[in-house]
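Only one structure is covered here, and it is reproduced in the block below.
Every value quoted in this text rests on a predicted model; they were computed, and no experiment measured them.
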Amino acid sequence: MEQTPSPAAPDGAPATDRAHWTPARQRLFLSVLLDSGNVSSAARAAGMSRSSAHRLRRKLAGTPFDQAWDRALAVHAHLMADPFAQSARPAPQRKPG
């Protein structure tokens, strides 16, 4: 059984990348990337592949997504280098009760 490739968009990106990398998936990817420092884990959490994440980053070079990717890795590396550093994220607010 032969599989046919997905049709490409006018910009050359596979149709599946356009359809699946929603803003919500991008946010989830960046959040997990910040926590894990691992592109494969972050992509998996967003339901996408590592190669798809790298394609998206190349496509969005210089955009806020690309810049946030760099920042997430830098912050993660900083936190790993200094175990006593404060978390880069604010503590979750607990509901009074």
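- Contact detail for Ala53 and Val39: the closest heavy-atom pair is CB-CG1, 4.4 Å.
- Of all non-hydrogen atoms in Ala42 and Val32, the two that sit nearest each other are CA-CG1, 3.5 Å.
- Within the model, atoms OG of Ser51 and CZ of Arg55 stand 4.5 Å from one another, a figure rounded to the nearest 0.5 Å.
- In this structure, OG on Ser52 lies 10.0 Å from NZ on Lys59, to the nearest 0.5 angstrom.
- The line from NE2 of His78 to CG of Leu73 is 14.5 Å long, rounded to the nearest 0.5 Å.
- When side chains are defined from C-beta on, Leu34 does not count as touching Arg71, because their heavy atoms never get closer than 4.5 Å.
- Between Arg57 and Asp70 a salt bridge is recorded (basic side-chain N to carboxylate O distance below 4.0 Å).
- Side-chain atoms of Gln26 come within 3.5 Å of backbone atoms of Trp21 as a donor-acceptor pair (strictly under, hydrogens ignored).
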Residues Leu60, Trp69; criterion side-chain contact (heavy atoms from CB on, under 4.5 Å); working and verdict: CA-CA 11 Å; Leu60 299 179; Trp69 182 316; over 6 Å; no
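- The minimum heavy-atom distance linking Arg25 with Gly47 is given by the pair NH1-O, 3.5 Å.
- Counting heavy atoms from C-beta on, the side chains of Met48 and Phe29 never come closer than 4.5 Å.
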